Amino acid sequence: MKLKMVNTNEVLSLFDNVLEQIDVVEDTLSSQVNQAFTTCEEVYNNHVQRIDESLREIEAAAYEIPPQSEWRRREVLLRTV
(Lines give C-alpha, C1' and ligand atoms only; values in the text may rest on other atoms or scores of the structure.)
Protein backbone atom coordinates (compact mmCIF):
# COMPACT_ATOMS: atom_id res chain seq x y z
CA MET A 1 0.00 0.00 0.00
CA LYS A 2 1.40 3.34 -1.06
CA LEU A 3 1.11 6.32 1.25
CA LYS A 4 0.55 9.66 -0.36
CA MET A 5 1.99 12.77 1.18
CA VAL A 6 -0.61 15.32 2.16
CA ASN A 7 -0.02 18.96 1.47
CA THR A 8 -0.60 20.73 4.78
CA ASN A 9 -1.58 23.97 3.07
CA GLU A 10 -4.28 22.22 1.03
CA VAL A 11 -5.71 20.55 4.13
CA LEU A 12 -5.73 23.84 6.05
CA SER A 13 -7.36 25.59 3.11
CA LEU A 14 -10.08 22.93 2.89
CA PHE A 15 -10.57 23.13 6.64
CA ASP A 16 -10.94 26.94 6.43
CA ASN A 17 -13.52 26.55 3.67
CA VAL A 18 -15.51 24.11 5.78
CA LEU A 19 -15.40 26.49 8.76
CA GLU A 20 -16.57 29.37 6.57
CA GLN A 21 -19.51 27.31 5.32
CA ILE A 22 -20.38 26.34 8.89
CA ASP A 23 -20.38 30.04 9.83
CA VAL A 24 -22.71 30.83 6.91
CA VAL A 25 -25.09 28.04 7.91
CA GLU A 26 -24.96 29.13 11.56
CA ASP A 27 -25.68 32.77 10.65
CA THR A 28 -28.56 31.72 8.39
CA LEU A 29 -30.09 29.47 11.05
CA SER A 30 -29.61 32.11 13.73
CA SER A 31 -31.32 34.68 11.55
CA GLN A 32 -34.22 32.33 10.81
CA VAL A 33 -34.63 31.43 14.48
CA ASN A 34 -34.60 35.10 15.46
CA GLN A 35 -37.18 35.91 12.79
CA ALA A 36 -39.41 33.04 13.91
CA PHE A 37 -39.12 34.16 17.54
CA THR A 38 -39.97 37.75 16.59
CA THR A 39 -43.01 36.57 14.62
CA CYS A 40 -44.21 34.42 17.54
CA GLU A 41 -43.68 37.32 19.94
CA GLU A 42 -45.72 39.66 17.71
CA VAL A 43 -48.57 37.14 17.41
CA TYR A 44 -48.52 36.56 21.19
CA ASN A 45 -48.59 40.31 21.88
CA ASN A 46 -51.51 40.75 19.47
CA HIS A 47 -53.45 38.00 21.29
CA VAL A 48 -52.69 39.56 24.68
CA GLN A 49 -53.86 42.93 23.39
CA ARG A 50 -57.11 41.44 22.05
CA ILE A 51 -57.73 39.65 25.35
CA ASP A 52 -57.12 42.89 27.28
CA GLU A 53 -59.59 44.73 25.04
CA SER A 54 -62.19 42.00 25.53
CA LEU A 55 -61.74 42.10 29.30
CA ARG A 56 -62.18 45.89 29.31
CA GLU A 57 -65.38 45.53 27.26
CA ILE A 58 -66.69 42.86 29.66
CA GLU A 59 -65.83 45.03 32.65
CA ALA A 60 -67.58 48.04 31.10
CA ALA A 61 -70.64 45.93 30.32
CA ALA A 62 -70.69 44.59 33.88
CA TYR A 63 -70.95 48.13 35.23
CA GLU A 64 -73.99 48.71 33.02
CA ILE A 65 -75.88 45.76 34.54
CA PRO A 66 -78.34 47.13 37.09
CA PRO A 67 -78.01 45.91 40.66
CA GLN A 68 -80.41 43.27 41.95
CA SER A 69 -82.48 45.89 43.80
CA GLU A 70 -83.13 47.65 40.49
CA TRP A 71 -84.30 44.38 38.94
CA ARG A 72 -86.72 43.89 41.83
CA ARG A 73 -88.02 47.46 41.44
CA ARG A 74 -88.59 46.87 37.72
CA GLU A 75 -90.35 43.59 38.46
CA VAL A 76 -92.69 45.31 40.91
CA LEU A 77 -93.42 48.05 38.38
CA LEU A 78 -94.23 45.49 35.71
CA ARG A 79 -96.63 43.67 38.01
CA THR A 80 -98.50 46.87 38.80
CA VAL A 81 -99.03 47.73 35.15
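Predicted model, so just to flag it, every value in this text is computed and none were measured.
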*Got a sec, which residues hit side chain to side chain contact (heavy atoms under 4.5 Å, CB included) with N17, two or more places apart in sequence or on another chain?*
S13, E20

_Who clusters with L12? Use side-chain heavy atoms, under 4.5 angstrom, across I, L, V, M, F, W and Y, and order the result by chain and number._
none

*Can you list the residues that meet the salt bridge (charged side-chain N to carboxylate O under 4.0 Å, His left out) rule with E26, with sequence neighbours excluded?*
none

*Run through the side-chain heavy atoms of Ile, Leu, Val, Met, Phe, Trp and Tyr, join any pair under 4.5 Å, and report what else lands in L55's cluster.*
I51

*Who passes side chain to side chain donor-acceptor pair (under 3.5 Å) against T39, sequence neighbours left out?*
Q35

*For L29, what residues pass the side chain to side chain contact (heavy atoms under 4.5 Å, CB included) criterion, not counting sequence neighbours?*
V25, Q32

_Any pair counted as side chain to side chain donor-acceptor pair (under 3.5 Å), so long as it reaches residues 44-61, sequence neighbours left out_ = none

*Tell me the side chain to side chain donor-acceptor pair (under 3.5 Å) pairs involving residues 67-77, sequence neighbours left out?*
E70-R73, E70-R74, E75-R79

*What residues join F37 in its hydrophobic cluster, counting side-chain heavy atom gaps under 4.5 Å, either direct or through other members?*
none

